[in-house]
Amino acid sequence: MKNTSVIICICHLLWQQRQVDAFVSHPFSISSLPPSLSSTIAKSCGFKCSLPASLQQLRMSTETSRSSTEWWKSVQLKDAELAQSVRKDFPILSQTVSQSSDGESKPLIYFDSAATSQKPIQVIDEISSYYNTINSNVHRGAHTLSQKATAKYESARDLIAKFVNAKSRNEIVFTSGATEALNLIASTYGRKNIQKGDEIIISEFEHHSNIVPWQMLAEEKGAVLKYIPLDPKTGCLDMKCLPQLLSEKTKIVSIQHVSNVMANINPVDEIVALTRSLGDPDVKIILDACQSVPHMPVDVQNLGVDFIAASGHKMVGPTGIGFLWGREDILNDMPPYKGGGEMIDEVYMDHSTYAKAPARFEAGTPAIAQAIGLGRAVEYLEEIGGMERIYKYEKELASYLYKRMSEVEGITLLGPKPGENRAAIVAFVCDNVHPSDLSTFLDMEGVAIRAGHHCCQPLHRALGYSHSARASLYFYNTKEEIDAFIDILKDTLAFLGGELSMDGEDDGFVPFI
């Protein structure tokens with residue numbers, strides 16, 4: 001009798017926990033149980049028919065359920081070959097990193113390309129080749145090395161001009177990055193043209209580099225700074241507010257092309273049309289293209305804007321280089337940004353005259369190796385299939401990552417649902433785990449994501465969070481990496497559970513983009 005009670009309790013416990021396999025394969029063989037005991041167990045578990053028949057139905061139901069919940073195993077990305085074919089060009093992606101709790105190094109899963117992309121060996125070799133074979137200053141020498149360095153440097157400008165379909169190579173100005181490009185516009189065009197009472201429109205989504213320069217300019221000139229707010233229902237810009245913000249006093253509109261947090265691709269056509277019809281006749285439209293130029297075709301002539309700013313390091317190029325595209329007539333009407341060599345026409349003791357764009361904005365010795373590296377990066381992006389192929393593959397990745405993350409319990413995904421207007425970025429917050437804690441523990445398992453406010457504090461305040469975690473992909477990422485990330489994320493969240501909370505401020509944590 002005692003053994004019978006034990007068997008019933010064990011079976012009942014396994015059934016309550018839905019451990020079907022353990023139930024069926026338990027050492028007490030179902031087939032060998034006396035009919036009376038089998039009947040008692042079936043009744044205890046609430047089965048309506050005999051124990052063997054009920055378990056067979058249960059097993060079939062569980063297998064069907066398991067198959068439907070593991071839909072992702074059968075998913076195949078249409079252009080998975082793209083990532084597989086380029087992985088060899090990025091040796092860093094094949095390394096193992098960190099030391100986990102079990103003492104093993106883990107394969108790197110790099111999901112932080114919105115902060116900076118990895119660099120292919122072709123770009124690295126191009127930079128090394130410059131230093132090893134033609135290192136010299138540009139534009140300033142008649143000797144062979146200087147001529148070759150100048151040719152390489154200016155060739156990079158040509159490559160970038162073609163890449164974004166600029167009307168002229170003179171519309172490409174090399175900068176240290178997008179931050180400098182945006183500051184250049186504010187400090188030159190802005191200071192010359194913005195007057196007291198003029199209006200500048202940005203959005204609540206902007207990176208700090210597209211907020212702070214305009215705040216500084218507005219304060220200096222007595223201008224009014226307005227912003228397009230977040231639509232909390234869609235996770236996108238609240239476009240119905242834009243017509244109300246625009247007026248004949250609107251002189252500058254500066255907007256992200258793609259949000260580095262919400263991943264939404266902004267409706268540039270609509271923004272341009274509204275701005276041109278309702279703003280000042282000479283209003284200038286600026287696009288922060290840091291998260292678009294590396295990931296999709298960008299044609300500046302079709303966009304209808306006046307300036308774009310982009311960073312080289314986010315598009316498999318080196319750090320310390322980016323570019324400003326601006327309409328040539330506007331650039332030539334703008335005052336210089338910095339004074340020094342290269343940007344001059346004639347210098348006298350009482351005055352100077354200035355070169356035309358782009359030299360006007362490239363004072364001093366430029367970042368020669370970095371510019372050459374960026375030119376090679378553009379060539380590389382074209383060699384692997386071009387931006388249309390990259391965009392289509394990343395759209396697949398974005399949709400798959402979002403769907404898989406949407407099934408992870410305890411997290412909230414930010415931004416719109418997948419579609420034509422969402423990039424391969426997923427920022428998220430966890431119910432009971434701070435992003436910095438999560439990223440630290442994920443790093444122990446080899447996963448690199450970003451944690452912080454991503455240089456978008458106003459946006460996070462509008463969302464009601466101080467920080468978020470962010471996974472961001474590029475064309476070298478794979479479905480298999482996403483699957484591994486999801487498993488590690490689930491395990492990490494389960495481990496941290498309620499031990500680490502989002503409650504309270506985290507003033508000691510200083511995140512960057």
Report yes or no: does [X] contribute a side-chain atom to a donor-acceptor pair with the main-chain N or O of [Y] at less than 3.5 Å?
{"X": "Glu206", "Y": "Ile255", "value": "no"}
{"X": "Ser472", "Y": "Ser113", "value": "yes"}
{"X": "Ser129", "Y": "Asp125", "value": "no"}
{"X": "Arg470", "Y": "Ile449", "value": "no"}
{"X": "Ser85", "Y": "Leu82", "value": "yes"}
{"X": "His207", "Y": "Ser209", "value": "yes"}
{"X": "Thr116", "Y": "His313", "value": "yes"}
{"X": "Gln95", "Y": "Ile92", "value": "yes"}
{"X": "Lys78", "Y": "Gln76", "value": "no"}
{"X": "Ser311", "Y": "Ala178", "value": "yes"}

Go through the steps for Ile160 and Trp325 under the test side chain to side chain contact (heavy atoms under 4.5 Å, CB included), then give the verdict. CA-CA 10 Å; Ile160 295 166; Trp325 168 83; over 6 Å; no
Between Phe205 and Val261, does a side chain to side chain contact (heavy atoms under 4.5 Å, CB included) hold up when you go through it step by step? CA-CA 8 Å; Phe205 285 59; Val261 176; over 6 Å; no
Taking side chain as C-beta onward, heavy atoms only, is [X] less than 4.5 Å from [Y]?
{"X": "Leu274", "Y": "Met239", "value": "yes"}
{"X": "Val316", "Y": "Gln122", "value": "no"}
{"X": "Ile172", "Y": "Val164", "value": "yes"}
{"X": "Ile211", "Y": "Gln457", "value": "no"}
{"X": "Asp491", "Y": "Glu445", "value": "no"}
{"X": "Trp214", "Y": "Ile185", "value": "yes"}
{"X": "Val86", "Y": "Tyr380", "value": "yes"}
{"X": "Cys236", "Y": "Asn421", "value": "no"}

Residue pair [X] / [Y], side-chain donor-acceptor N/O under 3.5 Å:
{"X": "Tyr189", "Y": "Asp306", "result": "no"}
{"X": "Thr412", "Y": "Tyr465", "result": "no"}
{"X": "Tyr400", "Y": "Asp483", "result": "yes"}

Arg376: what forms a side chain to side chain donor-acceptor pair (under 3.5 Å) with it, not counting sequence neighbours? Glu383
Partners passing side chain to side chain donor-acceptor pair (under 3.5 Å) against Glu204 (at least two apart in sequence or in another chain): none
Would you call [X] and [Y] a salt bridge, taking side-chain N to carboxylate O under 4.0 Å as the test?
{"X": "Asp238", "Y": "Lys240", "answer": "yes"}
{"X": "Lys392", "Y": "Asp79", "answer": "no"}
{"X": "Glu362", "Y": "Arg157", "answer": "yes"}

Just how far is it from atom [atom1] of [X] to atom [atom2] of [Y], taken to the nearest 0.5 Å?
{"X": "Ile194", "Y": "Lys284", "atom1": "CD1", "atom2": "NZ", "value": "10.0 Å"}
{"X": "Leu463", "Y": "Leu230", "atom1": "CG", "atom2": "CG", "value": "5.5 Å"}
{"X": "Ile425", "Y": "Asn264", "atom1": "CD1", "atom2": "CG", "value": "9.5 Å"}
{"X": "Phe111", "Y": "Leu397", "atom1": "CZ", "atom2": "CG", "value": "8.0 Å"}
{"X": "Thr179", "Y": "Asp288", "atom1": "OG1", "atom2": "CG", "value": "8.5 Å"}
{"X": "Ser187", "Y": "Phe361", "atom1": "OG", "atom2": "CZ", "value": "11.0 Å"}

So among Gln256, His257, Lys314, which one has a side chain to side chain donor-acceptor pair (under 3.5 Å) with Ser292? His257
Sequence neighbours left out, what passes side-chain contact (heavy atoms from CB on, under 4.5 Å) with Val212? Give chain and number order. His208, Gln215, Met216
Which atoms form the tightest heavy-atom contact between [X] and [Y], and what is the distance?
{"X": "Ile271", "Y": "Asn266", "answer": "CD1-CB, 4.4 Å"}
{"X": "Ala181", "Y": "Leu324", "answer": "CB-CB, 3.9 Å"}
{"X": "Tyr130", "Y": "Ala369", "answer": "CD2-CB, 3.6 Å"}
{"X": "Arg389", "Y": "Ile384", "answer": "NH1-O, 2.9 Å"}
{"X": "Gly375", "Y": "Ala156", "answer": "CA-CB, 3.9 Å"}
{"X": "Glu481", "Y": "Tyr110", "answer": "OE2-N, 4.4 Å"}

Are the ring centres of Tyr474 and His295 closer than 6.0 Å? yes
Angle class for the Phe428/Phe485 ring planes (parallel below 30°, perpendicular above 60°, tilted otherwise)? perpendicular
Parallel, tilted or perpendicular: ring planes of Phe495 versus Phe441, cut at 30 and 60 degrees: tilted
Can you confirm whether Glu81 is buried at CD, in the sense that more than 12 heavy atoms of other residues, nucleotides or ligands lie under 6.0 Å from that atom? no
Taking atom NZ as the centre, does Lys417 end up with more than 12 heavy-atom neighbours from other residues, nucleotides or ligands that are less than 6.0 angstrom away? no
Kindly determine whether Glu180 and Lys338 satisfy salt bridge (charged side-chain N to carboxylate O under 4.0 Å, His left out), including the steps that lead there. CA-CA 12 Å; Glu180 185 179 44; Lys338 298 176 182 178; 3.1 Å; yes
Show, in sequence, the C-alpha distance, side-chain angles and deciding distance for Phe163 and Glu379, and conclude whether the side chain to side chain contact (heavy atoms under 4.5 Å, CB included) test is met. CA-CA 9 Å; Phe163 187 67; Glu379 286 184 314; over 6 Å; no
Run Ser254 and Ile200 through side chain to side chain contact (heavy atoms under 4.5 Å, CB included) and show every step you take. CA-CA 8 Å; Ser254 190; Ile200 301 167; 5.7 Å; no
